[in-house]
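Structure record follows, encoded as structure tokens.
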Amino acid sequence: MLTLPNVLTLSRIVTVPLLVFFLWWRDWQTGYALGFATYCLMGITDYFDGYLARSRGTVSKLGIFLDPIADKIMVAAVILMLCAKGIIADLHVIAALVILLREIAVSGLREFLGGIQVSVPVSALAKWKTALQLASLGGLVLAGAVPGSLWVYDVSLAMLWGAAVLTLITGWDYLRVGLKHMDS
């Protein structure tokens, strides 16, 4: 049960409070730099836990269960901190909210469908959504570390909106599949 991939996944969950600590003070540029490094390290462990599990044939039920939870906890914590500290503000909060709501809704839908033994594979578009979402949030954390780089902030906000659009599209795809399996 405690294979290397599962330990990497658990490390992402355990590291979230440290990441939140680094992002707690908006004007603490060193904290945001450490937060960016931590966020990148968490992303690397996300890649390697899946790669190692597949390549070693050690994919486990625990890993299948924990990996998406670790991702959602990390994304939700970063979005909440960036909104709370005003890095994501004004209308941009809508993009962040769309992402959070979709994550919750799709998790619930996957749980429901799993209960009736229906699997919904992750689409290529959903993988692009995740990549764009993670890159945008990483860029926004980086923008807190180097506040003079306005282009990093602007590009990251544009990517956040792109991720929100893909979030709506992929969320609708999942919902459409789910609705076919719900009783009237």
*State the CG-CG distance between Leu157 and Leu91, to the nearest 0.5 angstrom.*
11.0 Å

*Under 3.5 Å: donor-acceptor pair, side chain of Tyr32, backbone of Leu23*: yes

*Summary of salt bridge (Lys or Arg N to Asp or Glu O under 4.0 Å) pairs that have at least one residue in residues 33-44, sequence neighbours excluded*: none

*Output the distance between atom NZ (Lys180) and atom CZ (Arg176), rounded to the nearest 0.5 Å.*
6.5 Å

*Less than 4.5 Å apart, any side-chain heavy atom of Leu34 and any of Leu18?*
no

_In one Ile/Leu/Val/Met/Phe/Trp/Tyr side-chain cluster, 4.5 Å: Val98, Leu101_ = no

_With Lys127 via side-chain contact (heavy atoms from CB on, under 4.5 Å) - residues at least two apart_ = Val122

*So, Thr58 side chain and Arg54 main chain: donor-acceptor pair closer than 3.5 Å or not?*
no

_Applying salt bridge (Lys or Arg N to Asp or Glu O under 4.0 Å) as the test, list every pair that has at least one member in residues 2-24; sequence neighbours left out._
Arg12-Asp46, Arg12-Asp49, Arg12-Asp67, Arg12-Asp71

_With rounding to the nearest 0.5 angstrom, report the CD1 to CG distance, Ile99 to Leu166._
9.5 Å

*From Ile13 atom CD1 to Ile73 atom CD1, the distance as rounded to the nearest 0.5 Å*: 5.0 Å

*Assess whether side-chain contact (heavy atoms from CB on, under 4.5 Å) is satisfied between Ser60 and Asn6, documenting all intermediate values.*
CA-CA 8 Å; Ser60 68; Asn6 288 345; 3.0 Å; yes

_Contact summary for Pro68 and Gly63, nearest pair of heavy atoms_ = CD-O, 4.3 Å

*Please round to the nearest 0.5 Å and tell me the distance separating atom CG of Leu100 and atom CG of Leu97.*
6.5 Å

*asked:* Listing request: all side chain to side chain donor-acceptor pair (under 3.5 Å) pairs with a residue in residues 157-168, at least two apart in sequence or in separate chains.
replied: His92-Trp161

_Those residues that, when tested against Lys85, pass side chain to side chain donor-acceptor pair (under 3.5 Å) (two or more places apart)_ = none

_Among residues at least two apart in sequence or on other chains, which ones pass side-chain contact (heavy atoms from CB on, under 4.5 Å) with Trp28?_
Phe21, Phe22, Trp25, Thr30

*asked:* So does Gly86 get a backbone contact from the side chain of Arg26, meaning a donor-acceptor N/O pair under 3.5 Å?
replied: yes

*Apply side-chain contact (heavy atoms from CB on, under 4.5 Å) to Leu150 and list each qualifying residue two or more places apart in sequence or on a separate chain.*
Tyr153, Asp154

*List, by chain and number, the other hydrophobic cluster members for Leu52, where Ile, Leu, Val, Met, Phe, Trp and Tyr join if side-chain heavy atoms come within less than 4.5 Å, directly or indirectly.*
Leu4, Leu8, Ile44, Tyr47, Phe48, Tyr51

*Look up atom CG in Leu160 and atom CG in Leu132, then write down how far apart they are to the nearest 0.5 Å.*
8.5 Å

*Just jot down the side chain to side chain donor-acceptor pair (under 3.5 Å) partners of Thr170, sequence neighbours excluded, or say none.*
Arg102

*Evaluate the side-chain contact (heavy atoms from CB on, under 4.5 Å) criterion for residues Tyr39 and Leu134: first the C-alpha distance (whole Å), next the side-chain angles of each, then the deciding distance (0.1 Å), finally the verdict.*
CA-CA 9 Å; Tyr39 183 82; Leu134 294 176; 3.4 Å; yes

*Starting from the C-alpha separation in whole Å, work towards a yes-or-no answer on side-chain contact (heavy atoms from CB on, under 4.5 Å) for Ile79 and Val75.*
CA-CA 6 Å; Ile79 286 175; Val75 166; 3.8 Å; yes

*With the 4.5 Å side-chain cut-off for hydrophobic clustering, are Val146 and Val78 part of the same group?*
yes

*Say whether Leu62 and Val59 are linked into one hydrophobic cluster, either directly or through other cluster members, by side-chain heavy-atom distances under 4.5 angstrom.*
no

_Shortest non-hydrogen separation from Gln29 to Pro147 and the atoms involved_ = NE2-CG, 3.0 Å

*At their closest point, which heavy atom of Ala145 faces which heavy atom of Ala33, and how far apart are they?*
CB-N, 3.5 Å

_side chain to side chain donor-acceptor pair (under 3.5 Å) involving Ser107 - partner list, sequence neighbours excluded_ = none

*asked:* For Ser156, give me all partners under side-chain contact (heavy atoms from CB on, under 4.5 Å), at least two apart in sequence or on another chain.
replied: Leu140, Val152, Met159

*So if you build clusters from Ile, Leu, Val, Met, Phe, Trp, Tyr with side-chain heavy-atom gaps below 4.5 Å, do Val14 and Met42 land together?*
no

*When clusters are formed by joining ILVMFWY residues with side-chain heavy atoms under 4.5 Å apart, either directly or through shared neighbours, do Leu175 and Phe112 land in the same one?*
yes

_Partners passing ring pair (Phe, Tyr, Trp, His ring centres under 6.0 Å) against Trp172 (at least two apart in sequence or in another chain)_ = none

